[in-house]
2 protein chains.
Amino acid sequence: MNAVFKALSDPTRRRVLELLRDRPMTAGDLADHFPVSKPTMSAHFAVLREADLVDVQKIGKAVIYRLKLSVLEDALLGFVGAFNVGAAPRPAPPESALPFAIKTPPFAIKKGAT
Amino acid sequence: MNAVFKALSDPTRRRVLELLRDRPMTAGDLADHFPVSKPTMSAHFAVLREADLVDVQKIGKAVIYRLKLSVLEDALLGFVGAFNVGAAPRPAPPESALPFAIKTPPFAIKKGAT
DNA sequence: ACATCAATTAGATGTTTAGCTAAACGTCAT
DNA sequence: ATGACGTTTAGCTAAACATCTAATTGATGT
């Protein structure tokens, strides 16, 4: 799961996943969408493979990549799901619930200093 | 939004956010949860601030961090929402819809070679 | 057998990142 | 003034990352 977030930390890799969202694509077709060399793209693919975010299928000379949507789902929703996402936003937690006192700073009370 | 994913790529920072999920905490209290030096923690906080994932409030000598849940939501759900998450999984796209031909490899047909 | 094409590997380079210590700095509280 | 809290800076190391060019592998086609 750490690997997934690592993989998602690069914009190029995120866009690869978005391209793969629509359809499986070959390595070459994917590479055509980015202004970097093929070996560089290959390295990005390796990171995505490492994170188990894509499936690979070799057909003839081509290598076809497929998005593993469930892995992306599990990682992202699993993380964000630990937060109370979607729950009603707590308007303003009563400061009595805070683990520290929000002491009104004394300087705000120095009323004697006119 | 790139900054958010960058911030999330480090396990320490993800756990800071998880700690902040429950309650606002001071820098010191947060730092107590991790076996790293204060300057290192301060750098992590700076990355989280940079990504706008936390709010900072100085009260007296303490610095209180609060999770900005909406920013986390917008980034993560915004990204994962671009995928058809939650939609019925497309069982198996007909290969006629693929942008490339899945040519049955000739070597699979070499039936003459008995 | 040989040339060709697709993709990865190998090796090199430069940048970024996470971490440390030590010191300095600002703000506040006492 | 002194101490506490947190941040910042400087200076450093080590590891990871992104990128390149060049070489290699593997399958196809002739």
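Convention: sequence-line order gives letters A, B, ...; per-chain numbering from 1.
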**Report entry** Atom pair CG (B:L48) and CG (B:L8), whose distance is rounded to the nearest 0.5 Å
**Finding:**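 Reported to 0.5 Å precision, the distance equals 8.5 Å.
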
**Report entry** A:E18, CD atom: more than 12 neighbouring heavy atoms under 6.0 Å
**Finding:**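 Atom CD in A:E18 is crowded, with more than 12 foreign heavy atoms closer than 6.0 Å.
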
Report task. May I ask you to decide if the ring planes of B:F79 and B:F5 are parallel, tilted or perpendicular, using 30° and 60° as cut-offs? Result ->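 Perpendicular: the ring planes of B:F79 and B:F5 meet at over 60°.
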
For [X] and [N], give me the distance from atom [atom1] to atom [atom2], rounded to whole Å.
X     : N      : atom1 : atom2 : result
A:M41 : C:dA6  : CE    : C1'   : 14 Å
A:R14 : D:dA18 : CZ    : P     : 12 Å
B:K38 : D:dA4  : NZ    : P     : 12 Å
A:I59 : D:dT28 : CD1   : C1'   : 15 Å
B:Q57 : C:dT27 : CD    : P     : 17 Å

Query raised in the report: A:R21 side chain to B:A82 main-chain N or O, any donor-acceptor pair under 3.5 Å?
Result: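 Yes, A:R21 side chain to B:A82 backbone: donor-acceptor pair under 3.5 Å.
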
Under 4.0 angstrom between [X] side-chain N/O and [N] OP1 or OP2:
X     : N      : answer
B:S37 : C:dC20 : yes
A:R13 : D:dC17 : no
A:Y65 : C:dA6  : no
A:K6  : D:dC17 : yes
A:T40 : D:dC20 : yes
A:S42 : C:dT9  : no
B:H44 : C:dG19 : yes

Report task. For A:K61 and for A:A43, find the nucleotide of DNA chain D with the closest heavy atom, then tell me which residue's nucleotide is more 5'. Result ->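 With A:K61 and A:A43 compared, the 5'-side residue is A:A43.
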
